[in-house]
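So you know, we letter chains A, B, ... as the sequences are listed, proteins then strands, and number each from 1.
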2 protein chains.
Amino acid sequence: MSEPGAGGESLLFLTDEQLRKGIEAMFFAYRGFTADPDRILDGLDYGRAHHRALHFIHRSPGTTVNNLLNILGVTKQSLNRVLRGLLDDGLVESRVGKQDKRERHLFLTARGAELERQLSDAQRARMRAAYRAAGPVAVQGFRQVLEAMMDPEMKRQYLALKESGA
Amino acid sequence: MSEPGAGGESLLFLTDEQLRKGIEAMFFAYRGFTADPDRILDGLDYGRAHHRALHFIHRSPGTTVNNLLNILGVTKQSLNRVLRGLLDDGLVESRVGKQDKRERHLFLTARGAELERQLSDAQRARMRAAYRAAGPVAVQGFRQVLEAMMDPEMKRQYLALKESGA
DNA sequence: CTTGGAAAGTCAACAAGGCTGACGTAACTT
DNA sequence: AAGTTACGTCAGCCTTGTTGACTTTCCAAG
């Protein structure tokens, strides 16, 4: 409160106390962020890892396993377990690459797309409510801070996805 | 970037596409958010769950086990496993309540406070950098959206902590 | 055409950190 | 005296992450 001169606000909001609040906001908000899809998945035989896979396959149809590995940041063994369930249950389809036949291109089946939509709808509903409550200016700031918080590599992936869809 | 102008911003930012970007921003940013403390914990025998416990005990010294349970949103068995490690290693101290002797009040020891500080410093450094990069207005919006995203109960807990420290 | 290496898949074993259910004890409340 | 609350603990389970080792398939360079 007693930063003498020095541009005031630009220093004031960087106190440890302010930063701690931001940290706790992230913690509590992320819980809300995942709560709705988790509730839906609870009945089914799937978990949050399946949701993530469905999301990014939906987002980038035809993506390879390696792409997905990089985006999700897990080992291929870990992803494989999850992907296997989705393939076996016919929610995801894997097609051998045309150029490179070693690669597998992943697509959602109709049933996979249906579950993905169900999960997304729940998550989007909360996001939409939060955006509405906070307003456009806040949303802009929200996205700016989140982008600045990402690791450079993650940010690259995020921006690549972001632009490919815009 | 390529948002085609239009004063429709107040509607435009609620398209599914915009919401999806927000969802992915949360996903990638949360990874960054936890990356630094995780790296520190990797060497030690502790995990993210220990970090959370240390954080909230530091934040609210003397908090009871039940309080912590509610804040963290896990079962007592799950918390107990984590807390036991911290107690056995002398990072956390448990004192029997004066009014109600059933309660255990939790405190960080000097060593516990030291580890907590180390973890917090790493996490705060990233948060500080993100705040600096985005600026005060963005930070305000960031916090507004996160608060709006929390479950009402979580938000209550968040605000209670927030005010007690302000 | 052979060979090196990349992409993918698989098996096995393990750890962290969630969960449920059941049970015990001490202490407060009615 | 009986019931409830706070805490701890045992036992077992699940999801999702990890390493390490190994195979198959295939592209590409020698």
Write down the protein N/O and nucleotide N/O pairs, taken from nucleotides 1-4 of chain C, whose separation is under 3.5 Å; answer none if there are no such pairs.
none

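- Using a 4.0 Å cut-off between a side-chain N of Lys or Arg and a carboxylate O of Asp or Glu, A:R39 and A:D36 qualify as a salt bridge.
- A pairwise comparison of heavy atoms in B:G112 and B:L54 identifies O-CD2, 4.4 Å as the closest pair.
- Between A:K101 and A:E103, no side-chain nitrogen of the basic residue sits less than 4.0 Å from a carboxylate oxygen of the acidic one, so the salt-bridge criterion is not met.
- Across all non-hydrogen atoms, the minimal contact from B:Q144 to A:A138 is OE1-CB, 3.1 Å.
- Computed from coordinates, the A:L106 CG to C:dA7 P distance equals 15 Å when rounded to whole Å.
- Ring centroid separation for the pair B:F27 and A:Y30 does not come in under the 6.0 Å cut-off.
- For A:N66, a side-chain nitrogen or oxygen approaches OP1 or OP2 of C:dA8 to under 4.0 Å.
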**OP:** Check the pair A:F28, A:F33 against ring-ring contact (aromatic ring centres under 6.0 Å, His included), reporting the backbone distance first and the verdict last.
**Re:** CA-CA 9 Å; A:F28 288 116; A:F33 173 69; over 10 Å; no
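- A salt bridge is absent between A:E24 and A:K21: the closest approach of a Lys/Arg side-chain nitrogen to an acidic carboxylate oxygen does not fall below 4.0 angstrom.
- Between B:R84 and B:D88 a salt bridge is recorded (basic side-chain N to carboxylate O distance below 4.0 Å).
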Between protein and nucleic acid, restricted to nucleotides 12-19 of chain D and to nitrogen or oxygen atoms under 3.5 Å apart, what atom pairs and distances do you find?
unit_1, atom_1, unit_2, atom_2, d
D:dT16, OP1, A:R48, N, 2.7
D:dT16, OP1, A:A49, N, 3.2
D:dT16, OP2, A:H50, ND1, 3.4
D:dG17, OP1, A:R52, NH2, 2.4
D:dG17, O5', A:S78, OG, 3.4
D:dG17, N7, A:R81, NH1, 3.0
D:dG17, N7, A:R81, NH2, 3.2
D:dG17, O6, A:R81, NH2, 2.7
D:dT18, OP2, A:T75, N, 2.7
D:dT18, OP2, A:T75, OG1, 2.9

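- The end-to-end axis angle of the helix from C:dC1-D:dG30 to C:dT30-D:dA1, rounded to 10 degrees and based on five pairs per end, is 20°.
- Here the shortest heavy-atom pairing between B:A25 and A:R143 reads CB-CD, 4.3 Å.
- The pair A:R126-B:D151 meets the salt-bridge criterion, since a charged nitrogen lies less than 4.0 angstrom from a carboxylate oxygen.
- Among all heavy-atom pairs drawn from B:R31 and A:N70, the shortest one is NH2-O, 4.3 Å.
- One atom, CG of B:L86, and another, C1' of C:dG17, lie 14 Å apart when rounded to the nearest Å.
- For the pair A:S94 and A:L106, the tightest heavy-atom approach, listed with the atom from each and the gap, is CB-CD2, 4.0 Å.
- Partners of B:R124 by side-chain contact (heavy atoms from CB on, under 4.5 Å), not counting sequence neighbours, listed by chain and number: A:D16, A:L19, A:I23, B:S120, B:D121, B:R128.
- Under 4.0 Å is where a charged nitrogen must lie from a carboxylate oxygen, and between B:K155 and B:E153 no such pair does.
- In this structure, A:R111 does not pair ionically with A:E114, as no charged nitrogen and carboxylate oxygen lie closer than 4.0 Å.
- Interface residues of residues 29-39 of chain B facing DNA chain C, ordered by number: none; criterion, heavy-atom separation under 4.0 Å.
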Subject >> Nucleotide-resolved protein contact map, nucleotides 23-30 of chain D, B/S/- at heavy-atom distance under 4.0 Å >> reply: --BBS---
